[in-house]
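Along the sequence shown, residues are numbered consecutively beginning with 1. Atoms within a ligand are numbered from 1 in the order they appear, just like the ligands themselves.
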Amino acid sequence: MSDLNELETSLLASVQDAADDAALEAVRVSALGKKGTISGRMKDLGKMGPEDRKSAGQALNALKDKVASAIQARQQDLREAELENRLATEFVDVTLPAAPEAAGSVHPVSQVWEEVVQIFGDLGFAVAEGPHIETDWYNFGALNIPDEHPARQEHDTFYLNPGEDGSRMVLRTHTSPVQIRSMEAMEPPIRIIAPGRTFRSDWDKTHTPMFHQIEGLVIDEHTHMGHLKWCLEEFCKAFFEVETVEMRFRASHFPFTEPSMEVDIRYHEEDGKLTFGIGENWMEILGSGMVHPNVIRAGGLDPDKYQGFAFGMGLDRIATLKYGIPDLRGYFDGDLRWLKHYGFRALQVPTLAGGLS
Ligand code: DAH
């Protein structure tokens with residue numbers, strides 16, 4: 001009997017010492033499992049006489065029950081200790097201020113890009129794209145800019161090294177090549193805008209070597225200048241979020257349009273802050289015109305059958321105007337303080353219905 005007592009003491013001690021569920025399970029298996037100590041003793045009962053067997057059997061069963069309930073109790077203790085521990089470490093201080101806003105912000109160019117896409121999308125324009133690295137043909141030739149044309153110099157083009165045939169690819173100097181690519185890829189009626197990156201070797205307060213433009217193109221059989229003026233007016237009202245915008249179409253020259261116009265809108269300046277639509281001053285915002293027959297032909301369409309208009313404007317520039325950002329160079333420095341100041345809240349997607357900005 002005394003050795004059963006010893007066994008009991010040692011088993012109960014191991015139960016008590018088990019520091020977690022796994023250790024406790026190991027104790028249970030070593031005591032009560034098929035090959036455990038108590039089960040081993042049970043097997044030995046067969047070798048005893050009837051009297052001894054009875055009393056030893058009772059004692060073993062009692063020990064078995066005791067160990068089983070000790071294990072259960074220990075399990076309960078461990079659970080409670082774990083809960084206590086979690087309560088102590090995971091407490092919530094309800095007096096803390098609200099979590100700070102997400103640190104990321106939407107860059108003004110992305111914001112304006114999205115706004116412009118929304119506005120023209122509403123007018124029925126699809127978004128088209130073209131490559132940043134263009135052939136001379138798409139960037140110049142197809143747009144009615146021949147080899148000796150001064151526009152080639154004005155564009156401050158970045159040229160790539162010549163290929164095997166001597167021809168040089170260029171970083172596109174404007175989004176206008178997408179006009180040609182769209183005419184090649186689509187059947188009229190064509191109504192597209194092409195926002196994207198453009199490149200010119202220029203660097204000052206209002207020029208960066210990489211900048212963004214948005215191109216517009218409408219081609220069908222009957223589109224005329226009245227449509228162009230209406231589209232641009234609708235755009236300006238929506239973009240600057242005003243009821244009326246007074247516009248001025250100034251005769252200009254671009255090789256790819258005939259006639260060509262630059263578009264100015266009225267603005268008012270007070271304490272360095274600009275408001276658009278009405279006012280005493282004019283601000284130039286874009287170039288436009290009726291697509292030149294040579295350009296329509298270069299796009300693979302018949303200029304006797306098709307006509308239309310095109311326009312191009314600087315995305316960074318209209319972002320500057322709308323959101324009052326003075327120096328273009330800051331746009332692409334990646335300075336977090338600048339982004340924090342001029343950036344827009346993430347997840348606030350501009351829509352015409354919900355408000356653009
Ligand atoms: N491609 C011209 C530029 O980069 C902008 C432009 C002017 C585009 C008139 C047009 C247009 O489509 O009709 O300066």
Side-chain angles (χ1 to χ4, degrees), residues 116 120 123 125-132 134 136-146 149-158 170-184 190-202 206-219 223-233 235-236 247-265 283-296 298-299 301 303 306-318 320 328:
V116 172
F120 281 107
L123 293 174
F125 285 72
V127 173
E129 289 183 321
H132 293 160
E134 270 296 9
D136 191 271
W137 167 251
Y138 280 107
N139 195 78
F140 295 121
L143 291 162
N144 201 31
I145 311 176
H149 198 282
R152 294 208 177 214
Q153 276 80 54
E154 284 159 26
H155 276 211
D156 294 315
T157 314
F158 286 114
V170 300
L171 294 185
R172 68 175 180 191
T173 58
H174 49 180
T175 42
S176 303
V178 185
Q179 290 189 27
I180 306 297
R181 293 183 174 277
S182 300
M183 285 190 270
E184 285 176 345
I190 296 170
R191 225 182 283 156
I192 57 106
I193 51 165
R197 292 187 167 185
T198 46
F199 308 85
R200 290 183 199 180
S201 178
D202 210 350
T206 53
H207 297 91
T208 50
M210 188 285 297
F211 59 108
H212 299 82
Q213 284 191 341
I214 180 154
E215 194 77 13
L217 177 71
V218 173
I219 297 285
T223 296
H224 54 69
M225 215 141 80
H227 297 127
L228 164 63
K229 292 173 83 168
W230 181 82
C231 267
L232 294 178
E233 191 172 326
F235 166 74
C236 287
M247 307 176 81
R248 178 169 76 177
F249 289 79
R250 233 176 339 99
S252 179
H253 176 75
F254 300 105
F256 28 88
T257 44
E258 182 56 39
S260 303
M261 295 164 301
E262 279 174 303
V263 178
D264 304 334
I265 58 171
M283 173 83 70
E284 183 201 321
I285 58 158
L286 58 88
S288 67
M290 299 303 292
V291 182
H292 197 291
N294 289 350
V295 175
I296 295 185
L301 299 176
Y306 294 112
Q307 60 181 34
F309 65 78
F311 58 87
M313 64 190 151
L315 270 187
D316 322 271
R317 178 169 157 77
I318 61 170
T320 296
L328 210 56

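- When hydrogens are left out, the protein atom nearest atom 12 (O) of ligand 1 is Glu215 OE2, 2.6 Å; that is the closest non-hydrogen contact.
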Phe256/His174 under ring-ring contact (aromatic ring centres under 6.0 Å, His included): CA gap, chis, key distance, verdict: CA-CA 12 Å; Phe256 28 88; His174 49 180; 5.8 Å; yes
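- Considering both main-chain and side-chain atoms, Ala310 comes within under 3.5 Å of ligand 1 through a nitrogen or oxygen pair.
- If you check each of Arg200, Gln179, His155 against atom 4 (O) of ligand 1, the one with the closest non-hydrogen atom is Arg200.
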Stepwise salt bridge (Lys or Arg N to Asp or Glu O under 4.0 Å) check, Arg181 with Glu134: CA-CA 11 Å; Arg181 293 183 174 277; Glu134 270 296 9; 2.8 Å; yes
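- By the 30° and 60° cut-offs, the orientation of the rings of Phe235 relative to Phe120 is parallel.
- Every atom of ligand 1 is numbered from 1 in the order shown, and the set under 4.0 Å from a heavy atom of Gly289 is 13 (O).
- Heavy-atom proximity to Ser176, at under 4.0 Å, picks out these atoms of ligand 1: 1 (N), 8 (C).
- Listed by number with element, the atoms of ligand 1 under 4.0 Å from a non-hydrogen atom of Gly287 are 7 (C), 9 (C), 11 (C).
- Each of the following atoms of ligand 1 lies closer than 4.0 Å to a heavy atom of Gln213: 3 (C), 4 (O).
- At least one side-chain heavy atom of Val178 sits under 4.5 Å from a side-chain heavy atom of Arg172.
- In this structure the side chain of Val116 reaches within 4.5 angstrom of the side chain of Leu315, judged on heavy atoms.
- Residues Thr157 and Phe140 are in side-chain contact: their nearest non-hydrogen atoms beyond the backbone lie under 4.5 Å apart.
- Not a single heavy atom of Met313 sits less than 4.0 Å from an atom of ligand 1.
- Within the 4.0 Å heavy-atom shell around ligand 1 one does not find Phe309.
- Listed by atom number, the atoms of ligand 1 under 4.0 Å from Phe311 heavy atoms are 8 (C), 10 (C), 11 (C), 12 (O), 13 (O).
- Residues Ser288 and Leu232 meet the side-chain proximity criterion, which asks for heavy atoms closer than 4.5 Å.
- Met290 pairs by the side chain to side chain contact (heavy atoms under 4.5 Å, CB included) definition with Met225, Pro259, Phe309, not counting sequence neighbours.
- Here's the thing with Thr257: none of its N/O atoms is less than 3.5 angstrom from an N/O atom of ligand 1.
- Nearest protein heavy-atom contact of atom 2 (C) of ligand 1 is Phe256 CZ, 3.7 Å.
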